[in-house]
Amino acid sequence: MEKFDNVVLNSRAKYGQFYTDPNVGRLLVSRIETAAPNSVIDLGAGLGSLSMAASKKWKSASIVSVELDNLSYFSSLKGNHFHIYADALDYDLPNKIKNEYGEFDVALCNPPYTRPLWKPEYEKILEEAGLSETRGVPKDGRAELLFLAQNLRLTKNGGELGVIVPSGIITGERSLDIRKKLLDNYCVGSVVDLPRGVFSNTEAKAHILFLKKSSPYKKNIKLYEVKKEGGV
Ligand SMILES: C[S@@+](CC[C@H](N)C(=O)[O-])C[C@H]1O[C@@H](n2cnc3c(N)ncnc32)[C@H](O)[C@@H]1O
């Protein structure tokens with residue numbers, strides 16, 4: 001995790017604006033198993049790599065992106081895309097958008113790897129997703145966990161998530177507890193190890209975590225590796 005701490009400390013990107021390589025966006029979307037989702041959410045959508053890949057793959061799905069930074073642009077997205085300028089970590093976000101979009105079939109996310117100033121409502125977000133009281137997670141919690149939890153709250157039962165997480169969540173000793181909670185509460189399907197250099201301006205190491213919002217039923221979790229020269 002040291003790498004990420006340094007990234008946060010040294011970064012001029014105050015919201016964690018390390019944008020997703022479009023190839024990674026396409027890879028993530030290509031490995032989602034849901035054949036024809038009606039609705040897809042992209043929290044912290046940045047420059048829209050995930051939303052764009054989603055709208056290309058699922059032409060009739062509603063794609064909803066949420067982003068705090070008003071510099072984002074989504075010019076190449078078509079009519080099925082709805083952009084919300086909002087705080088993705090607002091506890092009430094699911095209620096606010098439920099009437100219009102319902103719960104989502106698929107959540108795609110490349111969260112910021114920052115440490116937002118702790119708010120009491122964050123505990124409720126983690127709690128509702130079954131990820132609270134995690135050993136080693138201080139009350140200045142990691143944005144990636146909060147985003148993961150918020151995505152779980154926004155996704156319908158049986159829905160699917162593909163989230164780009166710092167590798168520490170997958171391999172770090174400090175994240176043992178969070179891995180246990182994920183494995184106990186959700187169906188983790190596979191993990192894709194990404195090469196360094198997939199984000200602009202940082203060498204941060206990340207994995208894509210694929211899981212379903214359903215009870216665990218898979219015995220083996222497949223681990224894939226993306227080669228630097230391409231190919232999985
Ligand atoms: C790693 S980047 C995501 C990149 C994006 N997938 C892309 O295609 O460029 C994380 C994004 O989350 C946004 N962000 C950070 N905190 C946020 C918040 N509380 N609510 C909404 N967006 C947030 C940042 O502005 C940034 O664009």
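Just follow the structure's listing: the first ligand is 1, and inside any ligand the first atom is 1. Below, each value reflects all heavy atoms present in this structure, side chains not excepted, and no hydrogens, waters or symmetry copies.
For ligand 1, the atoms lying closer than 4.0 Å to a non-hydrogen atom of D87 are 18 (C), 19 (N), 20 (N). Of all atoms in ligand 1, listed by their number and element, those nearer than 4.0 Å to a heavy atom of N110 are 1 (C), 2 (S), 3 (C), 6 (N), 10 (C). Residue D69 has at least one heavy-atom neighbour below 4.0 Å for each of these atoms of ligand 1: 25 (O).
In this comparison of L47, I84, L68, L43, the heavy atom closest to atom 9 (O) of ligand 1 sits on L47. Checking Q150, E144, E67 against atom 27 (O) of ligand 1, the nearest heavy atom belongs to E67.
For the residue pair Y91 / Q150, no side-chain donor-acceptor distance below 3.5 Å is found, with atom types taken as modelled.
Among residues two or more places apart in sequence or in another chain, the salt bridge (charged side-chain N to carboxylate O under 4.0 Å, His left out) test is passed with D21 by none. Checked against side-chain hydrogen bond (donor to acceptor under 3.5 Å, both in side chains), D193 has the following partners two or more places apart in sequence or in another chain: K205.
For the pair D92 and K98, the salt-bridge criterion is not met [side-chain N within less than 4.0 Å of a carboxylate O].
Atom CG of N220 has 12 or fewer heavy atoms from other residues, nucleotides or ligands within 6.0 Å.
Backbone and side-chain nitrogen or oxygen atoms of A88 are examined, and one is located within less than 3.5 angstrom of a nitrogen or oxygen of ligand 1. Residue-to-ligand polar distances place T20 within reach of ligand 1: an N/O pair is separated by less than 3.5 Å.
In this structure, K156 and K213 have side chains that are not in contact, with every pair of non-hydrogen atoms separated by 4.5 Å or more. No side-chain heavy atom of Y101 sits less than 4.5 Å from a side-chain heavy atom of S39.
Heavy-atom separations between F147 and ligand 1 include at least one value shorter than 4.0 Å. At a 4.0 Å cut-off, at least one heavy atom of P111 sits close enough to ligand 1 to count as contact.
In P116, neither the side chain nor the backbone holds a heavy atom less than 4.0 Å from any atom of ligand 1. Only the backbone of A45 comes within 4.0 Å of ligand 1, judged by heavy-atom distances. Contacts between Y85 and ligand 1 below 4.0 angstrom, taking non-hydrogen atoms only, are absent altogether. Contacts with ligand 1 closer than 4.0 Å are made by backbone heavy atoms (N, CA, C, O) of A86 only, the side chain lying farther away.
Atoms CG and OG, on N185 and S214 in that order, are 11.0 Å from each other to the nearest 0.5 Å.
Figure legend: cation-pi geometry between R31 and Y224, with NZ or CZ positioned under 6.0 Å from the six-membered ring centre and within 45° of its axis.
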